**Student:** 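Pasting a structure here, questions to come.
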Amino acid sequence: MVSLVDPWGIFKKSVVEVLESSFKNNNWSKPDKDFNFYIEVPPDSKLGDLSSTIAFKAAKILKEKPISIASKILRDYELNPNKLIERVDVVEPGYLNFYIKWSEYSKLVLETILNEGDSYGSSDVGVGKKVIVEHTSANPTKPIHLGTMRCAVLGDITARLLRKIGYNVEVQNYMDDLGRQVAVLAWGYQNLSGEIEKKPEYKDDYWLGLIYTAAAQKIEEKPELEESIKNILKKMEEGGNEYSDLVQKLVYMVVKGHLETAARMNIFYDLLIWEKDIVRSGLFKEALSKMLKSPHVYRIEEGEDANCIVIDMSPLGEPYKSLKKSYKILVRSDGVSTYTGKDIAFQMWKFGLAEADLKFRVFGVQKNGRILMETSQDGEANRSFGHADKVVNVIGYEQALPQQVVYQALKIMGYEEAYKNSYHLSFQWVWLPEQVAFSGRKGTWIGFHADAVLDKALQLAMEEVEKRNPEIDLELKKKIAEVIASGAVKFYLAKYSPEKKIVIDWKEAINFEGDSAPYIQYTIVRINSILSKAEHIGEPDYSLLKDETEIDIIRELSKFPSTVKEAAETYQYHLIPHYCLTLANKFNVFYHKLPVLKAENDALRAARLNLIKAVAQTLKIGLKDLIGIDIPVKM
RNA sequence: GGGCCCGUAGCCUAGCCAGGAUAGGGCGCUGGCCUUCUAAGCCAGAUGUCGCAGGUUCGAGUCCUGCCGGGCCCGCCA
């Protein structure tokens, strides 16, 4: 970490100091210690860079008109001015508007950005702490569809953001290789792989997905096939037989496909976790023995749930949320753990509250060079996994209640820290046109799986590149088209807030104009093109950057560190795409208005060159480092 | 029956948690800008009962209550 300058934060602090000292001066008391002086960004920069509505709030308590309170604050300020503040205006009926002293601020902002380089926006919030981000966790029976991709994109950005603010991040992908669905896949592979031809262009996950869907439909039609599925499930549980080997082989084929798809969007993982290994590691048994130490976890002796081990949720109020009973069953009367039980145990493992006999080995090397590990019976113990200080689970919104139950259970059992540091990053699924849900069983995913969307985007991007840059060679064209296509799709999944349902709209998903990744990519390429023509940069005089388009850019640039921090700490990852769009737009407005290379004099030319360099650099951090979208060399 | 989420122009969306000054963008539509740094861009224009009704407040898209519409969840299943 080089340095951690947050210019906007510094300006805001200056404003707070002005208000604070005036309060002290007038002997006004603050209503509470978190009192924030109601500082906000005015609707128009003509009304200041920051403003405060404190006078309205204080008016009630002091029984004085807002305008007179504001005037008193202004008077105090004028006796003790701040070097970053140009002036303070009092506006009817009582606003206090603070204006930045740009001659000082521009220099601070631009020098900070150019000095810090790629670390601009970094901070030390998470230094020395580890966070686990679990995402994707798709059923390994079919290719990833756009909904799962949204999960992956969301998780990926979360991981990148948390890394940016200093956390040691471990990205996990949890695979259910024991469920009924994989048994159905295995049955299909044995009985239907003859009729569903594997065409050369099919990826394994796509082909097996077709088989899975066909098998699921067949089984639905002929319930008598249920017997075979049960048989396969039994064999899978026993392990060490032809069925368990087959399932492992098929699941590996599918997951490799998932990883390839994710890699197309620059999404990578640190650890694959197989449910089978969790079950065999004895994790649940160990966790359960710890759970039983809590007075709220006990065996029910009689009644309909006799012989079940449960956790009493009534300390949270009875009944908790919409649960029908005041307790949740952790172990069934037949001694088998429930999903809730397993989830609690796994969450405990993530925090290092249960160790179990989990072993790890190398799965492979990813496109970005990072090694991907997996759990395995044949691996070795490795204490570097798990033991997190904070856990983010990126899981669909429909699991809001079960996730809450898991976290609340930690609290009830006395793991207060683990409870406080568990976060369910919930998101709405992607819907097919006409509000049809993605379904593996029904096969509605076919044609809308992530690879298909990316392929279609690639084809359209290629046409665009062909049209706009016919002179460049084919290899480069392909490379550029790929970056544009995957960027467009990833950005589409990233720009909406997670609780909004996305109904697939091809025009929006594969959009190269407007609020899109290519718009930002184009802006960076455009700046790089100017910079490459600049040859020399003289001595800049930043105080010459006086045009409102230049000021707008500097103001926006300076907000980057605080935006990153806010996005990471409040999990509002879509703030980053929006930030990039806003900054790119401000640059483009400036670009059309003022010349850079042919600026009136050398000092201004140098200042503008550094200004646009700072824009390109910040956009690159936002787009490439935080959203994980590459920048083409040419567009 | 209970709980959670969403409802902002023809379509998509930001703003809502921490209430303030003319509700920001994008797509689409109309018109303009490539003999000066890449037009995947920029400028101008039209399009809004912020789901509805109350309430709190000097002030409500934002907070509270009720309702309407849409999605989801409430199992010894996974």
Side-chain angles (χ1 to χ4, degrees), chain A residues 34 36 38 40 42-44 47 51 53 56-57 59-60 66 91-95 97 176 178-181 300 304-310 319-325 328-342 396-402 404-405 426 428-429 431 435 437 461 464-465 467-469 484 488 495-503 505 507-508 511-523 525-534 570 572 574-575 578 581-582 584-585 587-599 608 612 634-635:
Chain A
D34 294 327
N36 58 9
Y38 301 94
E40 60 197 51
D44 189 320
L47 298 167
S51 72
T53 55
F56 298 106
K57 315 293 169 187
K60 264 181 222 164
V91 177
E92 287 282 355
Y95 294 101
N97 296 340
D176 182 358
L178 280 184
R180 203 191 105 90
Q181 311 198 50
I300 291 198
E304 57 170 350
D305 294 324
N307 295 318
C308 290
I309 297 176
V310 304
Y320 176 64
K321 296 279 181 179
S322 54
L323 292 178
K324 294 219 164 99
K325 292 171 182 166
K328 273 308 270 189
I329 293 169
L330 304 175
V331 180
R332 304 190 316 216
S333 55
D334 63 1
V336 178
S337 68
T338 62
Y339 219 73
T340 308
K342 275 191 267 184
Y397 69 99
E398 76 284 355
Q399 295 214 39
L401 181 59
Q404 278 316 306
V405 166
S426 150
Q428 253 283 4
W429 291 101
W431 293 68
Q435 306 246 0
E464 285 300 310
V465 175
K467 209 173 359 178
R468 294 166 204 259
N469 299 297
I484 292 171
K495 71 176 173 180
Y496 302 114
S497 43
E499 66 275 8
K500 285 260 187 186
K501 183 160 67 180
I502 297 179
V503 179
D505 177 344
K507 247 178 28 204
E508 272 291 312
N511 175 25
F512 303 148
E513 291 167 11
D515 286 352
S516 69
Y519 173 68
I520 298 161
Q521 292 169 322
Y522 182 76
T523 305
V525 170
R526 198 178 221 182
I527 294 171
N528 287 339
S529 159
I530 299 171
L531 291 173
S532 70
K533 286 180 181 148
T570 62
Q572 297 186 73
H574 66 284
L575 292 179
H578 284 282
L581 287 171
T582 306
N585 173 255
F587 165 78
N588 283 317
V589 173
F590 157 79
Y591 170 87
H592 281 276
K593 187 174 175 189
L594 298 168
V596 176
L597 295 173
K598 294 185 179 165
R608 285 192 182 150
I612 67 169
K634 206 177 153 91
M635 276 179 90

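We use all heavy atoms of the structure for the numbers below, so side chains are in, but hydrogens, waters and symmetry mates are not. Each chain gets a letter, A, B and so on, in the order the sequences are listed, and its residues count up from 1. Note that the coordinates shown come from a computational prediction; the quantities given were computed from them, not determined experimentally.
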**Student:** For B:U56, which nucleotide in any strand shown is its Watson-Crick or wobble partner with both distances under 3.5 Å?
**Tutor:** none
**Student:** Across the strands shown, which category fits A:Ser497 at heavy-atom distances under 4.0 angstrom: base, sugar-phosphate, nothing?
**Tutor:** sugar-phosphate
**Student:** Just jot down the ring pair (Phe, Tyr, Trp, His ring centres under 6.0 Å) partners of A:Tyr591, sequence neighbours excluded, or say none.
**Tutor:** A:Phe587
**Student:** If I pick the P atom on B:G15 and the same atom on B:G20, what distance separates them, to the nearest angstrom?
**Tutor:** 13 Å
**Student:** Each nucleotide in nucleotides 61-66 of chain B should get exactly one letter: B, S or -. Can you fill that in based on protein heavy atoms under 4.0 Å?
**Tutor:** ------
**Student:** Determine, answering yes or no, if A:Tyr95 is stacked on B:A21 under the 5.5 Å centre rule and the 30° plane rule.
**Tutor:** yes
**Student:** Indicate, with a heavy-atom threshold strictly under 4.0 Å, whether A:Arg180 touches base, sugar-phosphate, or nothing.
**Tutor:** nothing
**Student:** Nearest whole angstrom, please: distance from the P of B:C11 to the CG of A:Asp515.
**Tutor:** 18 Å
**Student:** Could you tell me whether A:Pro66 contacts a base, only the sugar-phosphate backbone, or nothing, with contacts defined as non-hydrogen atoms closer than 4.0 Å?
**Tutor:** nothing
**Student:** Between B:C50 and B:G66, how far is it from one P atom to the other, in whole Å?
**Tutor:** 22 Å
**Student:** Using the C1' atom as the point on both nucleotides, what is the distance between B:U22 and B:G3, in whole Å?
**Tutor:** 40 Å
**Student:** Please state whether the base of B:A39 and the side chain of A:Asn588 form at least one donor-acceptor pair under 3.5 Å?
**Tutor:** no
**Student:** Kindly compute the distance separating CG (A:Leu330) from OG1 (A:Thr340), expressed to the nearest 0.5 Å.
**Tutor:** 7.0 Å
**Student:** Of all the choices, B:G15, B:C76, B:C74, which nucleotide is nearest to the side chain of A:Gln572 once you look at every atom?
**Tutor:** B:G15
**Student:** Report which part of the nucleic acid A:Lys325 touches: base, sugar-phosphate, or nothing (heavy-atom distance under 4.0 Å, all strands).
**Tutor:** sugar-phosphate
**Student:** What's A:Val525 touching, base or sugar-phosphate or nothing? Going by heavy atoms closer than 4.0 Å.
**Tutor:** base
**Student:** Using a 4.0 Å heavy-atom cut-off across all strands, classify A:Lys342 as base, sugar-phosphate, or nothing.
**Tutor:** nothing
**Student:** Report the distance from atom CG of A:Asp305 to atom C1' of B:C77, rounded to the nearest whole Å.
**Tutor:** 14 Å
**Student:** Take the protein atom CD1 of A:Ile309 and the nucleotide atom P of B:C76, then report the distance between them rounded to whole Å.
**Tutor:** 15 Å
**Student:** Determine the interatomic distance between C1' on B:U62 and the same-named atom on B:A18; round to the nearest Å.
**Tutor:** 11 Å
**Student:** Is A:Leu597 touching bases, backbone alone, or none of the nucleic acid, heavy atoms closer than 4.0 Å?
**Tutor:** base
**Student:** Taking OH from A:Tyr320 and C1' from B:C4, how many angstroms apart are they, rounded to a whole number?
**Tutor:** 11 Å
**Student:** Between P on B:C43 and NE2 on A:His592, what's the gap in Å once rounded to a whole number?
**Tutor:** 8 Å
**Student:** Which value, in whole Å, describes the distance between the C1' atoms of nucleotides B:G51 and B:C68?
**Tutor:** 7 Å
**Student:** Just wondering, do A:Tyr339 and B:A78 stack (centres under 5.5 Å, planes under 30°)?
**Tutor:** yes
**Student:** Could you tell me the Watson-Crick or G-U partner of B:A18, where both distances fall under 3.5 Å? Say none if there is no partner.
**Tutor:** none
**Student:** Taking a pair as Watson-Crick or G-U wobble with both distances under 3.5 Å, which nucleotide is matched to B:G45?
**Tutor:** B:C29
**Student:** B:C37 P sits how many Å from A:Met635 CE, rounded?
**Tutor:** 18 Å
**Student:** Scan A:Ile527 against the nucleic acid and name what it touches under 4.0 Å (heavy atoms): base, sugar-phosphate only, or nothing.
**Tutor:** nothing
**Student:** If you look at every strand shown and take non-hydrogen atoms under 4.0 Å, does A:Glu304 touch a base, only sugar-phosphate, or nothing?
**Tutor:** base
**Student:** According to the Watson-Crick and G-U wobble definitions, with both distances under 3.5 Å, which nucleotide is paired to B:G69?
**Tutor:** B:C6
**Student:** Would you mind classifying the nucleic acid contact of A:Asn469 as base, sugar-phosphate or nothing, using non-hydrogen atoms under 4.0 angstrom?
**Tutor:** nothing
**Student:** Taking the same atom, P, in B:C16 and in B:G7, what whole-Å distance lies between them?
**Tutor:** 12 Å
**Student:** When the distance from CD of A:Gln428 to P of B:C5 is rounded to whole Å, what number comes out?
**Tutor:** 12 Å
**Student:** Please tell me which of the listed nucleotides, B:A21, B:G20, B:C76, lies nearest to the side chain of A:Cys308?
**Tutor:** B:C76
**Student:** With RNA chain B as reference, determine whether A:His578 or A:Glu513 sits nearer its 5' end, using the nearest nucleotide of each.
**Tutor:** A:His578
**Student:** Taking any strand in view, what nucleotide pairs with B:A78 in a Watson-Crick or G-U wobble way, both distances under 3.5 Å?
**Tutor:** none
**Student:** Kindly say whether A:Lys342 contributes a backbone atom to a donor-acceptor pair with the side chain of A:Ser337 at under 3.5 angstrom?
**Tutor:** no
**Student:** Select base, sugar-phosphate, or nothing to describe what A:Asn307 touches, counting heavy atoms under 4.0 Å on all strands.
**Tutor:** nothing
**Student:** On RNA chain B, nearest-nucleotide positions of A:Thr570 versus A:Val596: which is more 5'?
**Tutor:** A:Thr570
**Student:** What integer number of Å spans the C1' atoms of B:U13 and B:G61?
**Tutor:** 14 Å
**Student:** Do any N or O atoms from the side chain of A:Thr582 and from the backbone of A:His578 form a donor-acceptor pair under 3.5 angstrom?
**Tutor:** yes
**Student:** Return the minimal non-hydrogen interatomic distance between A:Gly94 and A:Phe56, and the atom names on each side.
**Tutor:** N-CZ, 3.8 Å
**Student:** Output the distance between atom CD (A:Glu464) and atom CD (A:Glu513), rounded to the nearest 0.5 Å.
**Tutor:** 7.0 Å
**Student:** Using a 4.0 Å heavy-atom cut-off, does A:Trp431 contact any base of the nucleic acid, only the sugar-phosphate backbone, or nothing at all?
**Tutor:** sugar-phosphate
**Student:** NA contact type, A:Leu330, heavy-atom cut-off 4.0 Å: base, sugar-phosphate, or nothing?
**Tutor:** nothing
**Student:** Over all strands shown, is A:Tyr519 touching base, sugar-phosphate only, or nothing at heavy-atom distances under 4.0 angstrom?
**Tutor:** sugar-phosphate
**Student:** Looking only at atom P, what distance separates B:C74 and B:A46, rounded to whole Å?
**Tutor:** 50 Å
**Student:** Rounded to whole angstroms, how far apart are CD1 on A:Ile520 and P on B:G25?
**Tutor:** 17 Å
**Student:** Just by distance, do the side chain of A:Arg608 and the backbone of A:Pro595 share a donor-acceptor pair under 3.5 Å?
**Tutor:** yes
